[in-house]
Amino acid sequence: MSDENKSRRPYAPRMSPQKTYEEINSYVVFWGLFFSVLFALAVGYLCLKIGQTVDAFAPVSVLAMGMAVLFHRKNAFPETVHIQAIASAGTNIIGGAMFILPALYILNIEDVSFIEMAIPIVLGGVLGVFLATVFRRYFCEEMDGVYPFPSGSAAAEVLESDEGTKAHLMLLSGAVALVYDFVLNSLGWWQELLTTTFHWGQALADKYKLVFSLDNDAALLGIGYFTGLRYAAIIAAGSFFSWLVCIPVAYYLGGDHTMVVGGETMLLANAPVDAVFSQYVRHIGIGMLAMSGIIGLLSMSGVVVRVVKRAIADLFSKGSAATGTLLRTQQDLPMTQIVFGSLLMAILFAVFFHVMCSESLTQTVIAFILVVLFALMLSVVGISSIAFTGNEPVSGMTIFMIIVSAVVMGGVGMSGKTGIIAILMMAAFLCATLAVSGNFMSELKVAYITGATPKKMQQWQLVSIVLAGIVSVGVVFLMHYAYGFTGEDALAAPQANAMAAIVKPMMDGGDAPWPLYMAGAFFAVLLWMMKIPPLAFALGSYLPMGINTPVLVGGLISYFVSHSSDDAKVNAKRLSEGNTVASGFVAGGAIGSLISAVLHIAGIDWFAKAWAASPAATFAGIVAYFVLCIFLYAMAKHAVKQD
């Protein structure tokens with residue numbers, strides 16, 4: 001215990017642990033739940049399009065502080081802390097829905113109802129809150145000086161600074177991105193996906209199978225800025241490896257191999273580049289993702305054992321249960337409620353699984369054991385990843401679980417459509433658990449830094465998770481009927497496509513592409529041995545290049561902003577201002593795209609299809625994107641000059 005105490009930093013939060021504050025009221029609950037739903041809608045669409053989620057803390061914090069000034073709130077700080085915490089559920093839960101549920105539609109399974117989709121998401125999300133609560137004391141308090149929690153620390157820094165003026169900057173950038181992405185998706189005045197497949201680039205693609213592409217969506221540019229140059233470069237490197245190395249090699253070595261594209265059998269040499277990527281090269285990335293999850297699990301096995309032992313000790317310790325002896329900032333939900341609630345969520349899922357998917361009690365029991373074990377082990381891996389890097393490999397860990405579960409459940413007789421649904425429901429439950437437990441731990445770190453009451457944050461996170469979970473499933477339904485997840489102009493839903501590609505052959509009695517999985521797994525080990533984050537590289541290798549290249553552009557802009565002055569303090573301030581602009585890009589761009597989706601569903605078509613398909617529209621897209629990049633860079637520098 002003395003070693004743990006040495007890791008702690010001086011603790012002097014803005015809200016004193018010895019004082020009581022009005023942290024929850026109707027104002028907090030209303031705006032927290034409102035922003036939770038809003039960002040579940042906006043970021044949910046973004047996730048289906050590009051396969052990445054964005055934390056709501058930055059835009060919600062700034063907006064909440066702006067509202068505090070507008071409404072002359074006297075209790076602004078504690079209210080803002082809890083508004084952004086409640087709102088965070090909107091982005092915490094969406095991974096479970098967006099990464100898994102579209103796979104049902106991709107595999108032409110459309111008889112799973114809204115309620116059947118929502119149940120595992122909500123149950124898994126609630127379990128994630130309980131698991132984060134169990135591990136809060138260890139990660140947030142005892143190891144305060146060890147785990148940096150970049151996302152949580154950044155959120156606390158924003159909350160504790162005078163950010164009222166930043167609300168105007170975020171609203172301006174959000175409005176620009178909203179208009180930009182609305183024009184892009186609804187009017188088609190410039191091309192969204194900029195590719196080299198025109199003029200001389202088409203000859204390069206035909207002869208050497210080399211294609212470069214960039215999606216000029218404003219929200220993607222904002223995500224890249226947040227990601228930073230290091231991880232953006234690794235992600236882009238994975239994409240370049242797949243598209244500029246693996247695909248040409250596949251054509252060169254396997255040109256006489258036959259494959260099926262759109263129901264038509266053809267030689268690989270004559271197949272489109274996208275088909276070769278989706279049917280072959282992407283599986284190498286999937287193997288990398290699975291091995292990345294194994295590497296992370298093995299590296300954190302000691303932490304799993306240690307934290308579970310501490311939780312069991314707390315459960316049977318009368319001193320820990322006596323909340324009257326704890327400071328306000330140390331109070332969590334009672335351990336009895338956490339344990340009972342966790343068991344209840346797992347049991348309810350088992351009942352749901354038995355009714356919907358299972359053909360025998362044995363299958364139900366095995367599924368129950370699998371999801372519980374994976375939830376306990378992988379949640380700690382995810383929390384640790386969030387604590388160190390601010391990112392969580394949810395999709396990689398879920399893919400690992402799918403592969404193991406498909407083998408095990410197939411061994412007890414599950415197969416075909418029923419087996420596919422069963423595995424995907426298990427994956428949805430686990431994915432929601434992992435996404436919520438990791439991301440909510442960042443919010444609990446915010447509570448620790450600012451002096452908020454963790455118990456109150458946990459109580460309202462449960463409420464918000466249920467609401468946001470239902471909304472996130474609604475987004476999947478909405479996007480399915482607006483754009484779909486297969487065919488031309490469909491949403492990419494990259495994680496869901498990966499899940500579908502894995503589970504279908506394993507449940508249909510066919511052979512999974514094990515050689516490709518193994519190649520990816522070995523490559524992940526090599527990356528780990530070279531101290532290169534295998535997860536980031538793997539993400540790039542199985543996502544379309546057009547999604548990864550704008551992340552690299554955003555990372556480059558953040559680098560240029562952070563090195564635009566000889567004064568380190570000025571650079572830090574400019575980088576922070578750029579974060580505000582990037583937050584506006586993410587929120588505004590996603591909302592603009594969502595509006596376009598609603599118009600599409602309503603049958604309102606203003607899109608200039610002929611113009612958008614012309615080379616002139618591509619050049620217009622290049623100019624528009626360049627202007628957007630200049631705006632981001634200039635606003636980051638200009639805002640500091642006004643100080």
Side-chain angles (χ1 to χ4, degrees), residues 40 89 92-97 99-101 104 111-135 308 311 315 332-379 382 394 397-398 401-402 405 408-409 412 414 418-440 458-474 476:
N92 292 350
I93 190 68
I94 59 176
F99 291 173
I100 308 298
L101 298 182
L104 293 168
D111 54 350
V112 180
S113 69
F114 181 95
I115 296 297
E116 290 170 332
M117 290 187 187
I119 287 175
I121 300 298
V122 172
L123 294 178
V126 172
L127 177 61
V129 175
F130 287 136
L131 290 178
T133 302
V134 169
F135 300 136
V308 169
L315 179 62
D332 294 298
L333 291 172
M335 188 58 66
T336 52
Q337 292 183 13
I338 296 171
V339 172
F340 175 77
S342 299
L343 288 174
L344 180 62
M345 294 304 105
I347 291 171
L348 287 176
F349 175 76
V351 172
F352 162 78
F353 184 89
H354 187 74
V355 172
M356 180 182 179
C357 310
S358 182
E359 299 171 346
S360 68
L361 183 60
T362 300
Q363 292 179 351
T364 300
V365 171
I366 292 176
F368 173 81
I369 293 173
L370 285 173
V371 295
V372 170
L373 288 178
F374 277 120
L376 288 174
M377 293 187 296
L378 297 184
S379 62
V394 173
M397 293 187 292
T398 305
M401 173 265 185
I402 285 179
S405 298
V408 174
M409 299 306 293
V412 292
M414 275 202 159
T418 301
I420 292 173
I421 295 175
I423 298 300
L424 290 178
M425 291 299 101
M426 293 169 64
F429 177 82
L430 178 70
C431 193
T433 299
L434 299 180
V436 171
S437 62
N439 287 289
F440 183 50
Q458 293 153 8
Q459 291 170 334
W460 285 99
Q461 185 75 186
L462 289 170
V463 175
S464 189
I465 280 294
V466 173
L467 178 62
I470 295 172
V471 171
S472 67
V473 177
V476 174

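Atom set for the values below is all heavy atoms of this structure, side chains included, hydrogens, waters and symmetry mates excluded. One-based numbering along the sequence shown.
- Considering only heavy atoms from C-beta on, L104 comes within 4.5 Å of M425 through its side chain.
- Side-chain contact between I470 and F114 is present, with heavy atoms from C-beta onward closer than 4.5 Å.
- Between E116 and I421 the shortest side-chain heavy-atom distance does not fall below 4.5 Å.
- At least one side-chain heavy atom of Q461 sits under 4.5 Å from a side-chain heavy atom of N92.
- Closest of all the heavy-atom pairs between S405 and L370 is OG-CD1, 3.9 Å.
- The 12-atom threshold is not exceeded at CZ of F340, counting heavy atoms of other residues, nucleotides or ligands nearer than 6.0 Å.
- A donor atom on one side chain and an acceptor atom on the other are found under 3.5 Å apart for S358 and T364.
- With rounding to the nearest 0.5 angstrom, the CG atom of L373 is 11.0 Å from the CG atom of L430.
- No side-chain heavy atom of F374 sits under 4.5 Å from any side-chain heavy atom of M426.
- Residues V463 and L467 fail the side-chain proximity criterion, which asks for heavy atoms closer than 4.5 Å.
- To the nearest 0.5 angstrom, L127 atom CG is 11.0 Å from F349 atom CZ.
- Interatomic distance, CE of M401 versus CD1 of I423, reported as 6.5 Å (0.5 Å rounding).
- Counting only heavy atoms from C-beta outward, the side chains of L131 and L376 approach each other to under 4.5 Å.
- For the pair F130 and Q337, the minimum side-chain heavy-atom distance is 4.5 Å or more.
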